[in-house]
J.: 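Input: one structure, supplied below.
Index from 1, following the sequence. For the numbers below, each heavy atom of this structure counts, side chains included, while hydrogens, waters and symmetry mates do not.
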Amino acid sequence: MIPRLVVPSDLRYDQGEVLDGGALFYRFDTLAELKTFWAQKRAELPFACVGTGFMHPARFLDRHEWIFSPSKQALVKAVVRWDEFGVAPRWCDLMSDERPVRIEFQRRRASRRDLGLALGTWSPQDEAAYHSNVHPVRDAMRRGFWRLAKLPCGLTHFDWFSEHARMPNDPGLPRDRVEPLLQSMTYDDWKSHHTLNDIEMLDAPGVDSEIAYWEQERAEGRDPYEDF
């Protein structure tokens, strides 16, 4: 039997565990628990991620599992188990030794567009981003760009970011500046474009809206948060 790929959710956090950068992990099985915590911590921990329950087993967070953080970077590190998997930025010089990466880059862009069109999930904004990316991508092919390596779940850099992401392409950037930049870009891209469907990135108003949604669902007699 082929062993199952280790995924971030296999590296469990304890309830209330304080993580690197001040992030916190909690599992809330009732809406009341979530509301009580959020009323106390909203100003302190304005960035959050919650598991959607879309995938079984979960890759990052299971349903009702939350991570709250004072920063985008600490949130992404905690959700991804960044250090444990050794995720790191890597300069990709496409004109010299990484021609296969360049080919794969273009193939995945086209493949993602074709799949989105077939599923009806490819928006006019996605199409505009796809075409507006032509020249930036061509420029990146000349200069290269920073990408992420050693990603978990068998994901590649091209799965990680949506069509809307613009990779830093200055080879002179110090690595200790690139890493937090790519972490922040991960948060922004996942939040804005739902790049991965098994977790949802939220800011403070987003958590407010999530709570309000479940309160409305309960008020109208539909499935409550607890049954989600």
J.: Starting from the C-alpha separation in whole Å, work towards a yes-or-no answer on side-chain contact (heavy atoms from CB on, under 4.5 Å) for Phe145 and His157.
T.: CA-CA 12 Å; Phe145 63 95; His157 173 93; 3.9 Å; yes

J.: Measuring from atom CG of Leu61 to atom CZ of Phe25, what distance do you get when rounded to the nearest 0.5 angstrom?
T.: 6.5 Å

J.: Any chance the side chains of Asp62 and His56 put a donor and an acceptor closer than 3.5 Å?
T.: no

J.: Under the rule for side-chain contact (heavy atoms from CB on, under 4.5 Å), what residues qualify as partners of Thr30, not counting sequence neighbours?
T.: Ala32, Glu33, Glu226

J.: Which heavy atom of Pro89 sits nearest to which heavy atom of Trp146, and what is that distance?
T.: CB-CE3, 4.0 Å

J.: State which residues pass side-chain hydrogen bond (donor to acceptor under 3.5 Å, both in side chains) with Asp29; sequence neighbours excluded, sorted by chain then number.
T.: Arg27, His64

J.: Between Arg81 and Arg12, is there a donor-acceptor pair closer than 3.5 Å when you use the side chain of the first and the backbone of the second?
T.: no

J.: Between Leu181 and Gln73, is the side-chain contact (heavy atoms from CB on, under 4.5 Å) condition met? List the steps.
T.: CA-CA 8 Å; Leu181 175 60; Gln73 293 88 350; over 6 Å; no

J.: Consider ring pair (Phe, Tyr, Trp, His ring centres under 6.0 Å). Of Phe47, Phe37, Tyr13, which one does Phe68 pass it with?
T.: Phe37

J.: Sub-3.5 Å donor-acceptor pair from the side chain of Tyr187 to the main-chain atoms of Leu182, do we have one?
T.: no

J.: Taking NZ, NE, NH1 and NH2 as the nitrogens, is one of them in Lys77 or Glu179 under 4.0 Å from a carboxylate oxygen of the other?
T.: no

J.: Show the nearest heavy-atom pair for residues Val178 and Leu173, with the distance to one decimal.
T.: CG2-CB, 3.6 Å

J.: May I ask you to decide if Phe161's main-chain N or O and Asp189's side chain share a donor-acceptor pair within less than 3.5 Å?
T.: no

J.: Atom CD1 in Ile67, atom CG in Leu45: separation rounded to 0.5 Å?
T.: 11.5 Å

J.: How many angstroms lie between CG in Leu151 and CH2 in Trp160, if you round to the nearest 0.5 Å?
T.: 5.0 Å

J.: Quick one: are the ring centres of Phe54 and His194 less than 6.0 Å apart?
T.: no

J.: Please give me the minimum heavy-atom distance between Lys72 and Ser184, naming the atom from each residue.
T.: CD-OG, 3.6 Å

J.: With a 4.5 Å cut-off on side-chain heavy atoms, are His193 and Glu163 touching?
T.: no

